[in-house]
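Shown next, in structure tokens, is the structure this report addresses.
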Amino acid sequence: MSTLILFLLLTKHVIFDYFLQSWWMIKDKSIYGAFGGIVHASLHGVGTFAALLFFTPTVFAFLLAVADSLIHYHVDYIKSAWMKKNNPSTNSQAYWIAHGIDQYAHVMTYVMIVLLLTL
């Protein structure tokens, strides 16, 4: 079951972070409280809620989805604010380190969700 939940969360992540993220979401993520970043993180929460509904009570799925949204928002904000301040080119090591840390933090959020569900 843990592997299936992690698979669903990672699949959700790829869909919402790469296929469904619009330019207006991306441009706003470096501004704390801006609409685009909030919508992007909220969509992640909706996806997390949907992925968890079959594995845990609705209230717990909702709480984990809210936590995922909040964590996702802040991880994206920190990375985006850093990118805006430092402006690394997409072919620089700094850019890819920042992107890698961002994605690692998201994956670790999903690992923590799975651990919480299996306690």
Under 3.5 Å, side chain of [X] to main-chain N/O of [Y], donor-acceptor pair present?
X: H74; Y: L70; value: yes
X: Q103; Y: H99; value: no
X: Y73; Y: G33; value: yes
X: T118; Y: L115; value: yes
X: N86; Y: W82; value: yes

Evaluation steps, side-chain contact (heavy atoms from CB on, under 4.5 Å), between L4 and F55: CA-CA 10 Å; L4 177 58; F55 304 100; 3.6 Å; yes

Testing the basics here: between [X] and [Y], what is the closest heavy-atom pair and its distance to 0.1 Å?
X: D28; Y: A34; answer: O-CB, 3.5 Å
X: A98; Y: M83; answer: CB-CE, 3.8 Å
X: Y77; Y: I31; answer: CE1-C, 4.1 Å
X: G45; Y: A65; answer: O-CB, 3.2 Å
X: S30; Y: A81; answer: CB-N, 3.8 Å
X: A41; Y: S69; answer: O-OG, 3.1 Å

Nearest-0.5 Å distance that lies between atom OG in S42 and atom NE2 in H72: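 NE2 of H72 is found 10.5 Å from OG of S42.
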
I113 side, atom CD1; L8 side, atom CG - distance, nearest 0.5 Å: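 Rounded to the nearest 0.5 Å, the CD1-CG separation comes to 12.0 Å.
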
Grouping I, L, V, M, F, W and Y whenever their side-chain heavy atoms are under 4.5 Å apart, do [X] and [Y] come out in a common cluster?
X: I5; Y: L53; answer: no
X: I38; Y: W23; answer: no
X: L52; Y: L6; answer: yes
X: V46; Y: V66; answer: no
X: L9; Y: M108; answer: yes

Could you check if a side-chain atom of [X] sits within less than 4.5 angstrom of a side-chain atom of [Y], using non-hydrogen atoms only?
X: L43; Y: M25; value: yes
X: L117; Y: F60; value: yes
X: H40; Y: I26; value: no

Chi angles and distances behind the side-chain contact (heavy atoms from CB on, under 4.5 Å) call for I101, K79: CA-CA 9 Å; I101 291 169; K79 181 198 77 174; over 6 Å; no

Whether over 12 other heavy atoms sit under 6.0 Å from F19 CZ: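 Result for CZ/F19: open.
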
Aromatic plane relationship, W24 with F35 - under 30° parallel, 30 to 60° tilted, over 60° perpendicular: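 Rings of F35 and W24: parallel, as their planes differ by under 30°.
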
Electrostatic pair D68-K12, nearest N-O below 4.0 angstrom: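 Counted as a salt bridge, because a side-chain N and a carboxylate O are separated by less than 4.0 Å.
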
Test side-chain contact (heavy atoms from CB on, under 4.5 Å) applied to F49 and T58, step by step: CA-CA 8 Å; F49 180 71; T58 305; 3.8 Å; yes

D17 and H13: side chain donor to acceptor below 3.5 Å: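 Side chains of D17 and H13: pair found under 3.5 Å.
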
